[in-house]
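Source: prediction; values computed, not measured. Computed from heavy atoms alone, side chains included, the values below leave out hydrogens, waters and symmetry copies.
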Amino acid sequence: MGKVAAKIKVMPDSPEIDLDALQERLESALPEGAKINGVEREDVAFGLIALYPTVIVPDGSGGTETVEENFADVEGVESVGVENVGRI
């Protein structure tokens with residue numbers, strides 16, 4: 001079984017949120033077998049900064065679905081969306 005790399009856009013619910021703490025909560029929310037391989041930050045608007053973690057997951061049933069659901073449940077997250085996916 002191979003692995004998949006997914007770049008996921010995570011929008012915080014407020015511009016005042018501590019992005020380092022949010023990033024730690026995202027890492028803690030990863031399902032077993034998944035890991036974050038780098039995080040980019042991008043200014044969106046009005047001081048809001050989106051996080052773009054690249055998540056490596058096993059290429060099995062469900063793909064990134066569990067990661068997306070777990071990220072959406074993290075405190076301080078407004079929305080989660082997959083930007084791109086590729087096999088590695």
Stepwise side chain to side chain contact (heavy atoms under 4.5 Å, CB included) test for Glu68 and Val82: CA-CA 8 Å; Glu68 294 173 68; Val82 174; 3.4 Å; yes
Atom [atom1] of [X] and atom [atom2] of [Y]: how far apart are they, to the nearest 0.5 Å?
{"X": "Ile8", "Y": "Leu51", "atom1": "CD1", "atom2": "CG", "result": "11.5 Å"}
{"X": "Thr54", "Y": "Asn37", "atom1": "OG1", "atom2": "CG", "result": "6.5 Å"}
{"X": "Glu42", "Y": "Met11", "atom1": "CD", "atom2": "CE", "result": "9.5 Å"}
{"X": "Lys7", "Y": "Thr64", "atom1": "NZ", "atom2": "OG1", "result": "15.0 Å"}
{"X": "Ser28", "Y": "Gln23", "atom1": "OG", "atom2": "CD", "result": "11.0 Å"}
{"X": "Glu75", "Y": "Leu26", "atom1": "CD", "atom2": "CG", "result": "11.5 Å"}

Can you give me the closest heavy-atom contact between [X] and [Y], atom names plus distance?
{"X": "Arg25", "Y": "Ile17", "value": "NH2-CD1, 3.8 Å"}
{"X": "Val85", "Y": "Ala6", "value": "CG2-CB, 4.0 Å"}
{"X": "Ala72", "Y": "Val77", "value": "CA-CG1, 4.3 Å"}
{"X": "Ala34", "Y": "Val67", "value": "CB-CG2, 4.4 Å"}
{"X": "Gly33", "Y": "Pro58", "value": "O-CD, 3.5 Å"}
{"X": "Pro53", "Y": "Phe71", "value": "CG-CE2, 3.9 Å"}

Arg87 and Asp59: CA distance, side-chain angles, deciding distance, side chain to side chain contact (heavy atoms under 4.5 Å, CB included) verdict: CA-CA 8 Å; Arg87 284 205 167 129; Asp59 185 15; 2.6 Å; yes
Whether Asn70 side chain and Ala29 backbone form a donor-acceptor pair below 3.5 Å: yes
Stepwise side chain to side chain contact (heavy atoms under 4.5 Å, CB included) check, Leu22 with Val74: CA-CA 8 Å; Leu22 178 59; Val74 169; 4.0 Å; yes
Heavy-atom check, side chain of Pro12 versus side chain of Leu48, under 4.5 Å: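 Touching, per the 4.5 Å side-chain cut-off.
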Sub-4.5 Å side-chain heavy-atom contact between Ile49 and Leu19: yes
Residues, nucleotides or ligands: over 12 heavy atoms within 6.0 Å of Glu83 CD: yes
Transitive ILVMFWY side-chain link Val4 to Val80, under 4.5 Å: yes
Evaluation steps, salt bridge (Lys or Arg N to Asp or Glu O under 4.0 Å), between Arg41 and Asp20: CA-CA 11 Å; Arg41 296 180 182 191; Asp20 293 326; 2.7 Å; yes
